[in-house]
Amino acid sequence: MSEKENQNMHWADIMAEKIIREKGDKELYTCASGITPSGTVHIGNFREIITVELVVRALRERGKNVRFIYSWDDYDVFRKVPKNMPDPELLEKYLRYPITLVPDTTGRADNYARGNEVAVEDDLPKVGVFPEYIYQAARYRSNVYAEEIRKALSMRDEIRAILNEFRTEPLADDWWPVAVFSSFTDKDNTKVIAWDGAYGLTYRDLDLDKEETIDIRTTPNTKLPWRVDWPMRWAYEGVDFEPGGKDHLTEGGSYDTAKSVVRLFGAEAPVTMRYDFIRLKGKGGKISSSGGEVADLSDVLEIYPPEIVRYLFVGTRPSAEFAISFDLDVLKIYEDYDNTERIYFGLLNVNDKKREKERRIYELSQVDDRKIPTEPGYQIPFRHLCNYLQIYSGDQEKVLERLSDATESQKERLRVRMSCAWAWLEKYAPEEFCFSLSGPDSLYDASESERAAIRELAGFVSDHLDGSTEKEFSEYIYKTAADNGMENPDFFRLVYMVLIGKEKGPKLAGFLKACGSEKVLEILRRY
RNA sequence: GGGCCGCUAGCUCAGCUGGUAGAGCAGCAGACUCUUAAUCUGCGGGUCAAAGGUUCGAUCCCUUUGCGGCUCACCA
């Protein structure tokens with residue numbers, strides 16, 4: 001790989017090569033990601049998942065055998081009731097329980113953690129992400145890690161020394177690298193008292209002031225604290241790559257201590273990369289129900305097709321923060337994607353460097369890398385699609401009839417796009433952007449002279465709309481205004497009032513053509 | 001207190017291993033008697049935060065400073 005080629009490489013490819021370089025030639029590369037499902041798994045968390053997915057794909061394209069694991073840290077403690085969860089009073093009662101023992105007040109699953117998990121697991125396949133899920137609660141509770149916990153206990157002093165390097169308050173002498181959920185209360189308000197040097201651990205339940213000795217091979221109570229748990233899993237799974245947010249990847253952060261702790265477990269830290277957070281733009285407004293402004297993958301998938309969701313992340317360096325837009329920027333995002341697509345299919349000429357870059361972005365944006373489209377999507381700007389949809393009150397099939405020259409594969413993509421467009425129009429589009437054609441019940445109170453003008457326009461529509469271009473037909477519009485002694489602006493206002501009950505609307509001639517003479521006449525002839 | 005990131009046209013940002021910068025939007029001008037961020041065309045010299053340094057040459061490397069943001073030092 002020459003330096004010149006390297007310069008143009010996509011970050012996922014650069015990362016894949018770095019992994020191969022640093023970890024050597026291996027039979028299997030393990031790439032990992034994970035999070036505590038202690039609340040809605042939002043789009044910022046998704047950034048980590050998609051980052052791993054892209055690197056995994058880049059590795060596989062290099063002929064590597066890759067395992068992509070996703071760890072749900074669902075044996076974590078429920079510390080805080082998130083603002084956006086229903087029935088907070090009920091949830092309040094479960095603080096300090098493991099999140100798998102907290103009820104799911106959203107009704108999605110049989111426990112709180114699982115509810116947050118399924119939301120993500122249901123959506124990830126839609127964007128082409130298929131990790132192997134690992135459930136830490138199940139692992140811990142079935143004692144899979146008993147040996148690792150014993151090791152951690154035996155390396156107590158070394159671990160403490162590593163953690164103390166960055167702490168202001170050193171860990172106490174009686175600190176143990178293990179957390180215990182009480183078998184009396186299920187809560188973690190406990191304190192380890194003694195370890196027998198093997199598998200016997202004695203703790204005290206601080207709520208009840210009761211003591212118990214458990215066997216870490218047979219009781220489900222113990223887990224490792226985060227800064228020990230993370231490196232333990234690296235060693236256990238043989239992780240070669242795992243990215244992290246900037247909270248982890250800072251001096252003194254958990255990656256820093258984990259890369260020392262992992263050596264105690266006889267392994268080396270994975271290659272990592274830092275990703276920045278995601279901001280939201282244009283969300284809130286109409287739908288800010290709880291004040292807690294969260295957007296998860298399903299919120300984003302509602303207004304962007306899967307390949308565009310991927311595109312947002314593929315096209316941005318992970319280390320750069322960016323905003324996901326729900327406002328009018330949505331239009332631009334669609335245009336940007338379509339532009340990349342046009343470059344990919346050679347419909348747009350750009351220099352080699354740019355073309356190469358966009359080509360790779362397009363490929364990686366596709367949900368299934370074995371099914372990359374062989375033709376571009378139907379060329380219609382997103383805003384036009386929005387107008388067509390509104391003309392037909394959201395009836396996708398009617399819109400497709402108008403776009404009859406679209407191929408089957410284009411229609412398929414158009415359907416997805418239209419669903420997104422409709423959702424966007426209903427939830428986020430600004431008021432000025434939205435309209436609906438007037439029905440029989442919403443007549444505009446027109447004067448007699450206005451009615452005459454409308455009737456004349458109806459005649460022109462009937463005779464000429466279908467046969468003339470947009471530009472040609474605007475002449476008839478001007479003529480109608482002139483014939484009836486109306487100023488243009490007044491006449492335009494009148495027509496919009498009649499058609500959509502608003503003073504302004506889409507550019508009139510084009511709008512009339514988009515509606516089609518049949519629909520237009522149906523409305524005009526009421527006057 | 002430590003660390004990290006950013007500071008480029010009015011706005012949002014590209015510019016990724018050095019050869020004095022570019023897209024979109026806004027704006028301006030014109031085209032058709034016209035209207036929403038929804039017509040087309042033309043128009044982009046901004047001390048690349050500041051000062052030093054390295055260099056034949058720096059927006060891009062090094063140092064320092066300023067401003068903004070994030071993060072760790074509690075837990076995960």
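Heavy-atom basis, side chains included; hydrogens, waters and symmetry copies ignored. All chains are named by letter (A, B, ...) in the order of the sequence lines, taking the proteins before the strands, and each is independently numbered beginning at 1.
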Exercise for review: Strictly below 4.0 Å, heavy-atom distances to any atom of RNA chain B: list the hits from residues 335-344 of chain A, or just say none.
Suggested key: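 Listed by number, there are none.
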Among residues at least two apart in sequence or on other chains, which ones pass ring pair (Phe, Tyr, Trp, His ring centres under 6.0 Å) with [X]?
X: A/F166; answer: none
X: A/F46; answer: A/F313
X: A/Y334; answer: A/Y304, A/F382

Exercise for review: For A/R274 and for A/L331, locate the closest nucleotide of RNA chain B by heavy-atom distance; then report the residue assigned to the nucleotide nearer the 5' terminus.
Suggested key: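 First, find each residue's nearest nucleotide; the 5'-ward one identifies A/R274.
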Practice item. Tell me which of A/S319 and A/D329 sits closer to the 5' end of RNA chain B, going by the nucleotide each one is nearest to. Key: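 It is A/S319, whose closest nucleotide lies nearer the 5' terminus.
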Review point. Heavy atoms under 4.0 Å, any strand shown: does A/K502 hit a base, just sugar-phosphate, or nothing?
Key: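 Touches nothing.
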Could you tell me how far apart [X] ([atom1]) and [N] ([atom2]) are, to the nearest whole angstrom?
X: A/L494; N: B/rC34; atom1: CG; atom2: P; answer: 17 Å
X: A/N484; N: B/rU33; atom1: CG; atom2: P; answer: 19 Å
X: A/F382; N: B/rA37; atom1: CZ; atom2: P; answer: 17 Å
X: A/I477; N: B/rU35; atom1: CD1; atom2: P; answer: 13 Å
X: A/F492; N: B/rU35; atom1: CZ; atom2: P; answer: 8 Å
X: A/K332; N: B/rC25; atom1: NZ; atom2: P; answer: 8 Å

Check your understanding: Which letter, B, S or -, goes with each nucleotide of nucleotides 71-76 of chain B from 5' to 3', with contact meaning a protein heavy atom under 4.0 Å?
Key -> SSSSSB
Can you tell me how far [atom1] in [N] sits from the matching atom in [M], rounded to whole Å?
N: B/rU54; M: B/rU63; atom1: C1'; result: 11 Å
N: B/rU17; M: B/rC61; atom1: P; result: 9 Å
N: B/rA23; M: B/rG68; atom1: P; result: 33 Å
N: B/rG18; M: B/rA58; atom1: C1'; result: 6 Å
N: B/rC34; M: B/rU59; atom1: C1'; result: 44 Å
N: B/rC13; M: B/rA49; atom1: P; result: 15 Å
N: B/rG46; M: B/rU20; atom1: C1'; result: 12 Å
N: B/rU55; M: B/rU47; atom1: P; result: 28 Å

Point to revise | Under-4.0 Å salt bridge between A/R342 and A/E358 | key: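 Judged by the 4.0 Å cut-off on N to carboxylate O distance, A/R342 and A/E358 do not form a salt bridge.
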Of all residues at least two apart in sequence or in a different chain, which pass the side chain to side chain donor-acceptor pair (under 3.5 Å) check with [X]?
X: A/H464; answer: A/Y476
X: A/Y444; answer: none
X: A/D13; answer: A/R62, A/R360
X: A/K513; answer: none

Hey, what are the protein-to-nucleotides 38-40 of chain B N/O distances that come in under 3.5 Å?
{"from": "B/rA38", "atom 1": "O4'", "to": "A/R383", "atom 2": "NE", "distance (Å)": "3.0"}
{"from": "B/rA38", "atom 1": "N1", "to": "A/N387", "atom 2": "OD1", "distance (Å)": "2.7"}
{"from": "B/rA38", "atom 1": "N1", "to": "A/N387", "atom 2": "ND2", "distance (Å)": "2.8"}
{"from": "B/rA38", "atom 1": "N3", "to": "A/N387", "atom 2": "ND2", "distance (Å)": "2.9"}

Pairing partner of [N] (Watson-Crick or G-U wobble, both distances under 3.5 Å):
N: B/rG24; answer: B/rC11
N: B/rU54; answer: none
N: B/rG1; answer: B/rC72
N: B/rA49; answer: B/rU65

Check your understanding: So, A/N45 side chain and A/H42 main chain: donor-acceptor pair closer than 3.5 Å or not?
Key ->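 At least one qualifying donor-acceptor pair exists.
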Exercise for review: Keeping the roles fixed (side chain from A/Y311, backbone from A/Y362), state whether a donor-acceptor pair exists under 3.5 Å.
Suggested key: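 Not confirmed, A/Y311 side chain does not pair with A/Y362 backbone.
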Review point. Do A/W234 and A/Y255 have ring centres separated by under 6.0 Å?
Key: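 They qualify: ring centres under 6.0 Å apart.
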Point to revise | Given A/I134, A/T100, A/V120, the one that forms side-chain contact (heavy atoms from CB on, under 4.5 Å) with A/W72 | key: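 Filter result, single survivor: A/V120.
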Exercise for review: Go through A/F181 and A/Y75 one step at a time and tell me if the ring-ring contact (aromatic ring centres under 6.0 Å, His included) criterion holds.
Suggested key: CA-CA 10 Å; A/F181 286 108; A/Y75 206 33; 4.9 Å; yes
Practice item. Can you run down the ring-ring contact (aromatic ring centres under 6.0 Å, His included) pairs that involve residues 481-513 of chain A, sequence neighbours left out, and say none if there aren't any? Key: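 Of all non-adjacent pairs touching residues 481-513 of chain A, those that pass ring-ring contact (aromatic ring centres under 6.0 Å, His included) are A/F435-A/F511.
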Exercise for review: Kindly indicate whether the side chain of A/Y478 and the base of B/rC34 share any N or O donor-acceptor pair separated by less than 3.5 Å?
Suggested key: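 Donor-acceptor pair under 3.5 Å: yes.
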Practice item. Only one of A/D205, A/T190, A/D207, A/N189 passes side chain to side chain donor-acceptor pair (under 3.5 Å) with A/S182; say which it is. Key: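 Going through A/D205, A/T190, A/D207, A/N189 one by one, the side chain to side chain donor-acceptor pair (under 3.5 Å) with A/S182 is satisfied by A/D205 alone.
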Nucleotides 7-15 of chain B: which of its N/O atoms have a protein N/O under 3.5 Å away?
{"from": "B/rG15", "atom 1": "OP2", "to": "A/R317", "atom 2": "NH1", "distance (Å)": "3.3"}

Review point. What are the two closest heavy atoms between A/S365 and A/R310, and how far apart are they?
Key: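 For A/S365 and A/R310, the tightest heavy-atom pair comes out as O-CD, 3.1 Å.
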